[in-house]
2 protein chains.
Amino acid sequence: MKLLDIIDNTPIPVGYRIAFLTNFWREPLLRRMEREFGLIRPEWTVLICLVYRDGLNSRDICEVTEQPSNSISRGVAALEEKGLIHRRPDPQDARRSLLFITDEGRAMHDQVMDLFVRAERSILEVLDAEETRVLTGLLDKLARDVVRWSHLPPYKPIDTDV
Amino acid sequence: MKLLDIIDNTPIPVGYRIAFLTNFWREPLLRRMEREFGLIRPEWTVLICLVYRDGLNSRDICEVTEQPSNSISRGVAALEEKGLIHRRPDPQDARRSLLFITDEGRAMHDQVMDLFVRAERSILEVLDAEETRVLTGLLDKLARDVVRWSHLPPYKPIDTDV
DNA sequence: GGAAATTAGCTCCATATGGAACGATATTGT
DNA sequence: ACAATATCGTTCCATATGGAGCTAATTTCC
């Protein structure tokens with residue numbers, strides 16, 4: 001790949017490497033998922049969240065994934081139509097449903113997740129165990145700080161009326 | 001964020017953290033770019049590549065960014081229409097144009113890139129200089145190995161006729 | 001308590017995105 | 001030299017995506 005040195009020539013060294021990896025790592029898998037399993041992103045997002053914790057509502061999912069509510073709403077509707085999740089009214093708030101994954105939903109999740117697991121194993125082969133541990137830790141540190149930075153410019157204007 | 005622990009409950013610890021960060025870090029900036037500058041992803045992709053190296057062709061850009069050729073083709077056409085790049089025939093291959101960024105294109109790139117630079121600075125604040133260096137190095141290691149892993153399953157079937 | 005403001009999630013609509021197909025050109029194989 | 005195959009980038013078309021708007025429910029404010 002003759003232009004790979006582009007990753008050295010960027011004013012955003014971490015962001016650009018993450019974007020580069022996303023283009024080659026995640027996006028092709030999402031496209032394959034769509035082709036082979038007929039699942040689009042919002043549906044996958046909902047499945048992942050419900051495997052982590054059953055009985056969430058749409059708002060929860062939007063919040064932890066930063067996806068627009070209309071996308072998640074469509075994902076939820078499609079998954080219910082496919083029998084991969086079902087909805088129950090939320091007794092605490094009549095505007096909300098609680099979302100539950102079905103056995104078929106869990107099976108679908110596991111099939112697709114297998115793709116991602118195999119990819120990650122292959123990609124991380126170039127790192128030793130310590131490097132993988134460090135990398136995970138540093139990404140973790142950024143992710144756990146998301147509430148702070150996602151409320152600052154350039155994500156949100158400075159709120160001068162705190 | 002009450003569901004942040006989802007990042008601990010994944011069979012793909014690195015991939016999931018990168019995806020999580022992408023959702024909160026990059027995607028909102030791309031959406032803001034589209035809103036404020038009227039640039040969509042393929043256009044931004046082309047601008048970045050031409051700032052790195054002027055005179056590339058579409059194929060080069062598709063290769064180093066793993067974007068589909070039709071997306072890049074549309075991006076090129078739009079940028080030319082906007083006066084941000086111009087095309088010249090490639091004397092070595094009549095199927096190709098060489099793409100050159102204009103001064104306005106470079107100015108646009110710099111304006112948008114400022115958004116990404118500011119975000120990166122803010123997000124990386126939680127790391128010290130050594131951590132940032134290590135993180136960049138590890139991501140770099142994965143990115144530089146892209147030719148290997150992108151030709152393996154699950155990206156490509158094993159080629160048994162090597 | 002009631003009005004005003006906010007929230008939840010849905011639907012609509014415009015636009016972004018990616019696969020397929022294609023014509024022109026280049027490369028490979030005989 | 002020529003036919004077969006592959007490549008390049010464009011165009012078409014179907015579908016994915018996100019902003020706006022909306023109704024119903026909830027929360028906040030007076």
Side-chain angles (χ1 to χ4, degrees), chain A residues 2 22-24 26-46 49-50 55-82 85-99, chain B residues 2 22-24 26-46 49-50 55-82 85-99:
Chain A
K2 60 188 199 263
T22 296
N23 284 343
F24 282 90
R26 186 180 178 223
E27 297 289 332
L29 293 180
L30 290 173
R31 296 199 281 263
R32 181 170 166 182
M33 175 183 79
E34 186 180 332
R35 212 169 47 236
E36 296 188 6
F37 298 95
L39 283 186
I40 57 176
R41 275 164 224 239
E43 293 166 29
W44 180 232
T45 295
V46 173
C49 289
L50 295 184
L56 296 175
N57 60 58
S58 287
R59 176 72 234 151
D60 291 327
I61 295 173
C62 294
E63 185 179 306
V64 76
T65 60
E66 191 70 6
Q67 296 307 289
S69 69
N70 65 334
S71 296
I72 298 300
S73 179
R74 281 197 310 265
V76 166
L79 289 175
E80 191 179 34
E81 179 66 30
K82 292 171 182 176
I85 68 169
H86 55 250
R87 299 191 239 205
R88 294 289 179 266
D90 183 346
Q92 296 191 338
D93 188 335
R95 298 172 298 180
R96 293 197 299 221
S97 302
L98 301 178
L99 311 173
Chain B
K2 62 185 198 257
T22 296
N23 284 342
F24 281 91
R26 186 182 179 220
E27 296 289 331
L29 293 180
L30 290 173
R31 295 199 282 261
R32 182 170 165 181
M33 175 184 78
E34 188 181 331
R35 214 167 50 234
E36 297 188 6
F37 297 95
L39 283 187
I40 58 175
R41 277 163 222 239
E43 294 166 26
W44 180 231
T45 295
V46 173
C49 290
L50 295 185
L56 296 175
N57 61 56
S58 287
R59 175 74 236 151
D60 291 328
I61 294 174
C62 294
E63 185 180 305
V64 76
T65 60
E66 191 71 7
Q67 296 307 291
S69 65
N70 65 335
S71 297
I72 297 301
S73 179
R74 280 197 312 264
V76 166
L79 288 176
E80 192 178 37
E81 179 66 32
K82 293 171 182 176
I85 68 169
H86 56 251
R87 295 190 243 205
R88 293 290 179 266
D90 183 346
Q92 298 192 339
D93 189 332
R95 297 171 297 180
R96 293 197 299 222
S97 303
L98 302 179
L99 311 172

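Side chains included, hydrogens not; waters and symmetry mates left out as well; all remaining heavy atoms used. Below, read A as the first sequence line, B as the second, and so on, with proteins coming before strands; counting in each chain starts at 1.
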From CD of A:Glu80 over to P of C:dG9, roughly how many Å is that when rounded to an integer? 13 Å
May I have the distance from A:Arg96 (atom CZ) to D:dA25 (atom P), rounded to whole angstrom? 14 Å
CD-CE distance between B:Glu43 and B:Met33, expressed to the nearest 0.5 angstrom: 7.5 Å
For B:Glu27 and D:dG18, what is the distance between atoms CD and C1' respectively, to the nearest whole Å? 11 Å
Between A:Arg88 (CZ) and C:dG9 (P), how many Å, whole number? 16 Å
Check: A:Ile61 and A:Leu99 side chains under 4.5 Å, non-hydrogen atoms: yes
For nucleotides 2-7 of chain D, give me every protein contact, N/O to N/O, under 3.5 Å, one pair per line with atom names.
from	atom 1	to	atom 2	distance (Å)
D:dT7	O2	B:Arg95	NH1	2.3

Once you round it to whole Å, what is the distance between C1' of D:dC8 and CG of B:Leu99? 12 Å
Tell me, do A:Asp60 and B:Lys2 make a side-chain contact under 4.5 Å, heavy atoms counted? yes
Using five base pairs at each end, measure the axis-to-axis angle across the helix from C:dG1-D:dC30 to C:dT30-D:dA1 and round it to 10 degrees. 40°
Measure the CD-OG1 distance between A:Glu27 and B:Thr22 for me, rounded to the nearest 0.5 Å. 8.5 Å
Rounded to whole angstrom units, what separation is found between the CG atom of B:Asp90 and the C1' atom of D:dG9? 13 Å
Does B:Arg41 reach the side chain of B:Gln67, with side-chain heavy atoms less than 4.5 Å apart? no
What is the distance, to the nearest angstrom, from the CD atom on A:Glu36 to the P atom on C:dG19? 12 Å
Separation between CD1 of B:Ile40 and CZ of B:Arg31, rounded to the nearest 0.5 Å: 15.0 Å
Just wondering, do B:Pro42 and B:Leu79 contact through their side chains at under 4.5 Å, heavy atoms? no
A:Leu98 CG to A:Asn57 CG distance, which is reported to the nearest 0.5 Å: 7.0 Å
Could you tell me whether B:Arg26 and A:Glu66 have a side-chain N and a carboxylate O separated by less than 4.0 Å? no
What distance separates B:Glu63 CD from B:Ser58 OG, expressed to the nearest 0.5 Å? 12.5 Å
Please enumerate all protein N or O atoms sitting under 3.5 Å from an N or O of nucleotides 10-16 of chain C, with distances to 0.1 Å.
from	atom 1	to	atom 2	distance (Å)
C:dC10	OP1	A:Arg87	NH1	2.4
C:dC10	OP2	A:Ser73	OG	2.0
C:dC10	O5'	A:Ser73	OG	3.2

Separation of C:dG19 atom P from A:Leu30 atom CG, nearest Å, is 12 Å
Can you check whether B:Thr45 reaches A:Asn23 side chain to side chain, under 4.5 Å on heavy atoms? no
